[in-house]
Each structure stands twice: as C-alpha cells, then as structure tokens.
Amino acid sequence: MKKTLWKTLALMLALVMMLGMFAGCSSSSDADTTEDTETEEVEETTEETAEEVEETEEAAEAEEETAAATDFSSITGSLTMGTGGESGTYYAFGGVLSNYIGQNTGLSINTVSTGGTTANIEGISEFLYDLALVQSDVMTYAYEGTNSFEETGANTDFLVLGALYAETVQIVTLDPEITSVSDLAGKSVCVGDVGSGTYYNTVDILAAYGMTLDDITPIYQSFGDSTESLKDGKIDAAFICAGAPTTAVTDLATSQTVYLVSIDDEHMETLLESCPYYASLTIPAGTYAGFDEDCVTITVKATLVCRADLDEDTAYAIVATIFDNAEAITELHAKGAELDLTFATEGIAVPFASGAAKYFAEHGIEVETVD
C-alpha cells in the first residue's frame, strides 16, 4: 500500500512538473510572439511615418514650385489698357483685371475709357495702348484687312492673349411696338460709337434683313449716352454689344420698362451664313428688371489683345494671373465666371502672343502664333 501511495505521489509530481514545463514553453512562445508583433508594429509605424514625412516634403516642394511659378513680382513695367465706354462691360471688367494683375505682379496697368474695338486696335498701332479689349469679329477684320478694313489695309500690330467672355448684341428699346429689326425702319437708332464693334454688328444685322444704315437715322453714341437718349425720348432704339447684363441697360431698367428685340429664325440663318464668326445666343428672361421674355440674338467674344512686340514673360504673367485665378476674379466681377481655357482659345482667327501660347501649351492647348 505504501508502495502504491509512493507511486501515486511520484506520478502526480511528475505530472505537475510536466505541466510546469508546458506552461513555461507556452509563456515563452507567447512572449516571443508578442515581441515579434510589437516589433512589426513599430517597423510598420516607422515606415508609415517615413512615408508621411516624405509625402509632406513632396507637397511642400510642390507648393514652393507653384509659388515660384506664379510669383510674378519680378515682372515689372507700366502698361495702358484700352477698354470701352464707361457704362460698358469692357470698362468695368477691364478695370477689375488691371487692378488684379497689378496686385499680383510687378506690373502697373492704367485702364482708360475708349470708343471701343476699332479705337483700341488703332490705339495699339499708335502706341497709345499696350493692351486692349476688342470684339473677336472686328479684330479679325482688322488683322486680315477685310470688310470695314479693306480701305485701310491689314493691321498686324497686335496679337491675342485670350478670349474672356461672350458678348451679346442687344437691341434695346422702350417702345413695345418695336418687336422686329424690320420695325427699326425710319426710326432713330443708336449704332454705337463710330467704328466701334457695335457699329459693325448693326450693319451686319440690318443686312440680314435687307436693310442698310440709310433705312434708319443712325445716332453715334456710347452705351451710357444711348440709354440716356432712350430715357429722354431722343432715340427709338439702341444697339449695344456687351456682356449681359450690361450696366447701362441695368440702370435703365430700374426706371423704365425695357424691351429687347429678337432676331427671328429665318433672318438668323441668313445672318450666320453671311457672317459665320457670329453664334446664336439666348438672353434669358429676368436678365433685367421687368424683362420677362427670352431674347434670341448673336454673340462674339470679348478678347484681350496686346502689342505685337510685348515681351514673352510679360504676356505669360498676364495670362497666367488671369486664368489661374478665375475664382478670385469672379468674386470681383461676374464675368470672371466665364474665364475658361477652351473658350479662351477656340474660334480665334488672329495669332496669339508667344507668352500666351506658352501658358496654354502648359495646359495641353496648342494655339497659332506668328513664329
């Protein structure tokens, strides 16, 4: 019995020792596993941190490169921009662009009121302006020496920086009986300043209706003067080519009921066939106070041009400052919302300045230059 007891105790002791050994092995294994896991986690964390640091450094470098690329403080000089009448979009938007460019480069740009497109193109040739806003149709006439520029010949003293926004031809009247271009026969009608883009638009539209300036009594005035003449009853209607809404018309609509005359489908087809540089456009109801009907008319592009000898760096800085900051410019003027690289370059028949071409090429758009 004693032997059996001792055998039993010995067996139990051996079993306890074996269990202790297994527990020790298990504890050692778990410890090793924990240490391995912790090591892996530390290594992963270190790798992730390194990647984050690298990404942060790359981002910082990219920001520095961008800042360096858009830092035009070294581009200096004093330039003059020809715009249009003080009540028109050219003058207002041109002023916004000039101020913004001046604040973000080393350039100083003086904005002046002018008679419009033709005066601006001539002003560049006469060294009065370094920059100017012009209609895309009239600048093409001038550069190619066609239409109204046949007698004076081609003018190649300017190049394109980019189209900015759509200009609409608005036939404005306070007379509800004038509902068609044909109704203008025998009426006193403002056709814009002499040689302005509006003047040529008037001639083209009248021609589509089989009419000429001889069929109306043409009055040559700026936007502001024409709306004042409408208000005073001195004229019956006015042609105004500007981005809608136009300040002069908006002001008129605050005190008078304004009507816009549409171009009907038949005559629109005739007009576009003879003048393919135009495009049809609808001015929506509500554009002006009390204006409750859509108006179908034509559009051209308000385009920024420069002296043909403007240096490449200056041209590049101007274009980059405008198109890289469309949102900021929109906060200053509604027309900034129309700044678009595709719109700026499509359908332009006049060559671009090399600095402008460089900017657009960086954004995947190739344009024609004189080189």
Side-chain angles (χ1 to χ4, degrees), residues 75 77-85 88-91 93-95 97-98 101 107 109-165 167 192-201 241 277 300-323 339 343-360 365 367-371:
I75 306 299
S78 180
L79 306 176
T80 299
M81 179 190 291
T83 57
T89 310
Y90 275 11
Y91 185 77
F93 193 49
L97 293 181
S98 295
I101 293 168
L107 296 168
I109 302 179
N110 177 43
T111 304
V112 296
S113 174
T114 72
T117 297
T118 300
N120 290 345
I121 292 173
E122 292 174 348
I124 284 181
S125 296
E126 296 167 2
F127 301 99
L128 297 176
Y129 314 130
D130 305 287
L131 309 170
L133 288 167
V134 299
Q135 288 183 200
S136 57
D137 55 337
V138 181
M139 76 173 185
T140 303
Y141 301 159
Y143 200 85
E144 297 178 350
T146 59
N147 291 34
S148 53
F149 289 86
E150 287 181 349
E151 292 184 8
T152 57
N155 182 326
T156 57
D157 295 332
F158 67 96
L159 295 171
V160 172
L161 292 178
L164 305 176
Y165 63 86
E167 291 190 90
D193 283 318
V194 177
S196 66
T198 301
Y199 169 85
Y200 297 116
N201 300 146
C241 184
Y277 37 78
V300 291
K301 293 185 175 185
T303 307
L304 182 61
V305 299
C306 66
R307 293 192 336 259
D309 62 349
L310 187 68
D311 70 273
E312 182 175 289
D313 290 342
T314 299
Y316 180 90
I318 290 172
V319 175
T321 300
I322 292 174
F323 288 96
L339 291 171
F343 179 86
T345 53
E346 282 189 349
I348 302 297
V350 176
F352 284 73
S354 59
K358 176 183 176 182
Y359 173 82
F360 292 121
I365 301 174
V367 295
E368 179 185 354
T369 64
V370 292
D371 299 331

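The model shown is predicted, which means the values in this text are computed figures rather than measured ones.
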For a ring pair (Phe, Tyr, Trp, His ring centres under 6.0 Å) check, start with the C-alpha distance between Tyr165 and Phe343, then their side-chain angles and the critical distance, and finish with the verdict. CA-CA 8 Å; Tyr165 63 86; Phe343 179 86; 8.3 Å; no

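- Checked against Phe93 for a side chain to side chain contact (heavy atoms under 4.5 Å, CB included), the options Leu133, Leu304, Leu164, Thr111 give a single hit: Leu164.
- The backbone N or O of Asp137 lies less than 3.5 Å from no partner atom in the side chain of Lys301, so there is not a single donor-acceptor pair.
- Using cut-offs of 30° and 60° on the angle between ring planes, the pair Tyr141 and Phe149 is tilted.
- Summarising the geometry of Ala119 relative to Tyr129, their closest heavy-atom pair is O-CE1, 3.8 Å, with the distance given to 0.1 Å.
- Remark: side-chain polar atoms of Tyr316 are not paired, donor with acceptor, to backbone N or O of Lys358 under 3.5 angstrom.
- One distance of note links CG of Leu107 with OG1 of Thr321; it measures 8.0 Å at 0.5 Å rounding.
- Closest non-hydrogen pair, Ser98 versus Ile109, comes out as OG-CG2, 3.3 Å.
- With no hydrogens or angles considered, a side-chain donor-acceptor pair links Glu167 and Tyr90 at under 3.5 Å.
- Taking every heavy atom of both residues into account, Thr345 and Ile348 meet most closely at O-CG1, 3.8 Å.
- Within the 4.5 Å cutoff, the side chain of Asn155 has no heavy atoms near those of the Met139 side chain.
- Under the 4.5 Å side-chain criterion, counting only non-hydrogen atoms from C-beta, Ile318 is in contact with Leu79.
- The backbone N or O of Gly82 sits nowhere less than 3.5 Å from a side-chain atom of Thr114 that would complete a donor-acceptor pair.
- Annotation: side chain of Thr140 is not in contact with side chain of Val138 (no heavy-atom distance under 4.5 Å).
- Between the side chains of Gln135 and Thr117, no donor N or O sits under 3.5 Å from an acceptor N or O.
- Under the 3.5 Å distance criterion, the side-chain polar atoms of Thr369 are left unmatched by any main-chain donor or acceptor of Phe352.
- Minimum interatomic distance between Val319 and Ala356 (heavy atoms only, all atoms of both residues): CG2-CB, 3.8 Å.
- Side-chain N/O atoms of Asp193 and Thr198 include no donor and acceptor closer than 3.5 Å.
- Across every non-hydrogen atom of Gly84 and Ser113, the tightest pair is O-OG, 2.8 Å.
- For the pair Val112 and Asn110, the tightest heavy-atom approach, listed with the atom from each and the gap, is CG1-ND2, 3.6 Å.
- No donor-acceptor pair under 3.5 Å is formed between the side chain of Thr83 and the backbone N or O of Gly94.
- A distance-only check finds a donor-acceptor pair linking the side chain of Asp130 to the backbone of Thr80 [under 3.5 Å].
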